[in-house]
Participant: 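The following block contains the structure, expressed as structure tokens.
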Protein chains: 2
Amino acid sequence: MSTVFKALSDPTRRRVLELLREGPQSAGALAAHFNVSKPTMSAHFSVLKEADLVEAVRQGKTILYHLKLSVLEDALLGFARVFGLGETAPPPAIKKNSENKKEDPVS
Amino acid sequence: MSTVFKALSDPTRRRVLELLREGPQSAGALAAHFNVSKPTMSAHFSVLKEADLVEAVRQGKTILYHLKLSVLEDALLGFARVFGLGETAPPPAIKKNSENKKEDPVS
DNA sequence: TAGATAATTAGCTAATTGTCTATTCATGAG
DNA sequence: CTCATGAATAGACAATTAGCTAATTATCTA
């Protein structure tokens, strides 16, 4: 969980994930979108792998990165659900019923 | 955005937010839940404030921290939406109707 | 077996982070 | 005004991070 949010805390890495949303891409192809060195990108990929947000698959002499959407989903929505967010879908019965105000009109 | 995810990348800070979910609490009351010094907690609160995830309100000689749920929601669900996640709930009229695949069967 | 290419690892620096103790600041009570 | 209390700031330190250049590894092709 910490590793996922840590990975998401860097704009470059968030952008990489967004690029990967449209399908697997090689390290080089991804790096081409950014103004940093290849080794630096490699380090970013490493952080994303560590967080299990991407998977690296060797394909000949290139390495393809795949987005692991379900891991992202579990982290983002799982944590959101703790706060009763995004629960227009599955509302899991909050114990204390006096807190689920999103905007407090009474103050 | 980065500041929010950075704030969420620490377990202590995530826990603070969870504690705040049940209502505002003083710095001291929050600190009592953790095994670190008060100044360390103060630094964590500072990061949460920086990310605009909490609001500090002086109340006599204590300081009450309030959770800013909407900011958390915007970050978590907003980013999730970029990936087509969590769209079972508020589908805000997508322009291109060919992208709302959560899993792409055609590849 | 080379040579070329894609990507990672090694080694470095500067900046940031999480933690501590000691100190200061702000407030309410005598 | 002075004291006690709740909390933040100051200053120090080890660990981590993002970035770089240079070197290494892995793979394909000739």
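Reckoned from all heavy atoms, side chains included, excluding hydrogens, waters and symmetry mates. Chain letters run A, B, ... following the sequence lines, proteins first and then strands; every chain starts at 1. Just so it is clear, the structure is predicted and the values come from calculations on it, not from any experiment.
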Participant: So what does B/S46 hit on the nucleic acid, given a heavy-atom distance under 4.0 Å: a base, only sugar-phosphate, or nothing?
Facilitator: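 Result for B/S46 = nothing.
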Participant: List for me each residue that meets side chain to side chain contact (heavy atoms under 4.5 Å, CB included) alongside A/A75, sequence neighbours excluded, and say none if there are none.
Facilitator: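 Side chain to side chain contact (heavy atoms under 4.5 Å, CB included) check on A/A75 returns A/V4.
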Participant: Does anything in residues 58-67 of chain B come within less than 4.0 Å of DNA chain D? Heavy atoms only, and list the residues if so.
Facilitator: B/K61, B/T62, B/I63, B/Y65
Participant: When you check every protein heavy atom under 4.0 Å of nucleotides 13-25 of chain D, what one-letter string (B, S, -) results, 5' to 3'?
Facilitator: ----SSBBBB---
Participant: Got a sec, which residues hit salt bridge (Lys or Arg N to Asp or Glu O under 4.0 Å) with B/E50, two or more places apart in sequence or on another chain?
Facilitator: none
Participant: Just to verify, what does A/F5 make a ring pair (Phe, Tyr, Trp, His ring centres under 6.0 Å) with, not counting sequence neighbours?
Facilitator: A/F79
Participant: Charged N to carboxylate O under 4.0 angstrom, A/R15 versus A/E18?
Facilitator: yes
Participant: Sequence neighbours excluded and cut-off under 3.5 Å, please list the side-chain donor-acceptor pairs for residues 54-65 of chain B, or say none.
Facilitator:
| residue | atom | partner | partner atom | Å |
| --- | --- | --- | --- | --- |
| B/R58 | NE | B/G60 | O | 3.4 |
| B/T62 | OG1 | B/Q59 | O | 3.3 |

Participant: For a quick test of your reading: what N or O donor-acceptor pairs under 3.5 Å do the side chains of residues 33-40 of chain A make, sequence neighbours left out?
Facilitator:
| residue | atom | partner | partner atom | Å |
| --- | --- | --- | --- | --- |
| A/H33 | ND1 | A/A29 | O | 3.1 |
| A/H33 | ND1 | A/L30 | O | 3.4 |
| A/S37 | OG | A/T40 | N | 3.3 |
| A/S37 | OG | A/T40 | OG1 | 3.0 |

Participant: How would you list, by chain and number, every residue that makes a side chain to side chain donor-acceptor pair (under 3.5 Å) with B/S2, sequence neighbours excluded?
Facilitator: A/R14
Participant: Rounding to a whole Å, what distance do you find between B/F45:CZ and D/dT9:C1'?
Facilitator: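 After rounding, the reported distance stands at 15 Å.
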Participant: Are B/S26 and D/dG6 close enough that a side-chain N or O sits under 4.0 Å from OP1 or OP2?
Facilitator: no
Participant: Who passes salt bridge (Lys or Arg N to Asp or Glu O under 4.0 Å) against B/K68, sequence neighbours left out?
Facilitator: B/D52
